[in-house]
Amino acid sequence: MKSFLVAFLLSSIQLLAQTAQPAVANTTRYVVILSGNKAGFQTTTVNPDGTLQVHYEFNDRGRGPNTDETITLDKNGVPVKLVSKGLDYMKAQVQETFSIENGKAQWKNRAESGEKQVSGGEFYSSVSGTPEDGRLSALAALKAPDHKLRLLPEGALAIEKKTELKLDVAGQQHTAVLYWLSGLGFTPSPLWLMDDGKLMAFVSSWQSQVPEGWESAIPAMTA
């Protein structure tokens with residue numbers, strides 16, 4: 001009986017120790033390539049409370065952003081709070097905020113300060129955000145009716161799947177899906193999503209951003 005009680009107490013203590021372990025933040029690191037050379041990086045950290053902490057920087061002949069962004073998402077992956085600080089590409093100060101509370105969206109950036117009543121599901125198009133905003137907007141658009149997402153302050157974003165590419169990265173097989181995002185400019189913006197949207201990539205002959213360790217996949221994705 002005594003040995004049983006000891007074993008029971010030890011197992012209970014072990015279980016309590018396991019459940020008491022603090023949640024660990026999860027960080028993804030990307031590299032920024034300019035004209036074939038590594039020029040910077042982005043880190044995206046998912047904090048234990050679900051908020052995202054993003055750092056983005058690169059050096060383009062003395063220019064380039066150095067920005068920190070904190071993003072709070074709702075259950076559908078749409079930002080309900082955003083704070084961006086640092087320097088933009090031209091080294092101007094960045095101080096951008098966005099929030100939704102009680103059905104009212106409010107934002108302030110270098111271009112404007114405004115507010116608007118919202119019905120839910122609108123995605124704020126930041127002025128000085130990071131590439132992480134592109135991944136989040138693509139995922140939100142894929143969930144939206146007809147794959148079209150209402151934007152704040154104005155406009156709409158549409159997403160269209162173009163092709164898939166099987167990639168071997170460090171001996172592991174991945175499927176990269178190319179999407180076109182329309183509504184952010186005069187021409188569609190290409191964006192790759194991998195591993196069910198957990199990873200992203202932007203590639204071109206001049207500038208690319210891929211998960212660290214994926215540099216060898218850039219030529220195939222560019223082609």
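Annotation: side chain of W192 is not in contact with side chain of V177 (no heavy-atom distance under 4.5 Å). Side-chain contact between L82 and W107 is absent, with no heavy atoms from C-beta onward closer than 4.5 Å. Between P79 and Y124 there is no side-chain heavy-atom pair separated by less than 4.5 Å.
Within a 6.0 Å radius of NZ in K198, other residues, nucleotides and ligands contribute 12 heavy atoms or fewer. Counting non-hydrogen atoms of neighbouring residues, nucleotides and ligands closer than 6.0 angstrom, the CD atom of E101 reaches no more than 12 such neighbours. Under a cut-off of 6.0 angstrom, the local environment of NZ in K91 is crowded, with over 12 non-hydrogen atoms contributed by other residues, nucleotides or ligands. Other residues, nucleotides and ligands place no more than 12 heavy atoms under 6.0 Å from the CD atom of Q172. Annotation: D146, atom CG; neighbour count of heavy atoms from other residues, nucleotides and ligands within 6.0 Å does not exceed 12.
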Can you check side chain to side chain contact (heavy atoms under 4.5 Å, CB included) on I218 and I33, steps first, answer last?
CA-CA 10 Å; I218 292 177; I33 309 293; 4.0 Å; yes
For Q209 and V31, what are the C-alpha separation, side-chain angles and deciding distance, and is it a side chain to side chain contact (heavy atoms under 4.5 Å, CB included)?
CA-CA 6 Å; Q209 178 173 322; V31 293; over 6 Å; no
Please test Q42 against E69 for side chain to side chain contact (heavy atoms under 4.5 Å, CB included), starting from the C-alpha separation and ending with a verdict.
CA-CA 11 Å; Q42 175 185 309; E69 186 178 42; over 6 Å; no
Show your working on side chain to side chain contact (heavy atoms under 4.5 Å, CB included) between L191 and F202 and close with a plain yes or no.
CA-CA 5 Å; L191 166 69; F202 305 85; 3.6 Å; yes
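Paired with T45 under the rule side chain to side chain donor-acceptor pair (under 3.5 Å), one option of T70, T51, T27 passes, and it is T27.
Side chains of Y30 and E132: a donor-acceptor N/O pair is absent below 3.5 angstrom, by distance only.
With sequence neighbours excluded, the residues that form a ring pair (Phe, Tyr, Trp, His ring centres under 6.0 Å) with F41 are H55. In this structure D133 satisfies the salt bridge (charged side-chain N to carboxylate O under 4.0 Å, His left out) test with no other residue, sequence neighbours excluded.
Counting only distance, with no hydrogens or angles, the side chain of D60 and the backbone of G64 share no donor-acceptor pair below 3.5 Å. Counting only distance, with no hydrogens or angles, the side chain of N47 and the backbone of G50 share no donor-acceptor pair below 3.5 Å.
Of the charged side-chain nitrogens involved, at least one lies within less than 4.0 Å of a carboxylate oxygen, so that K116 and E154 count as a salt-bridged pair.
H174 and W214 have tilted rings, their planes meeting at an angle from 30° to 60° on a 0 to 90° scale.
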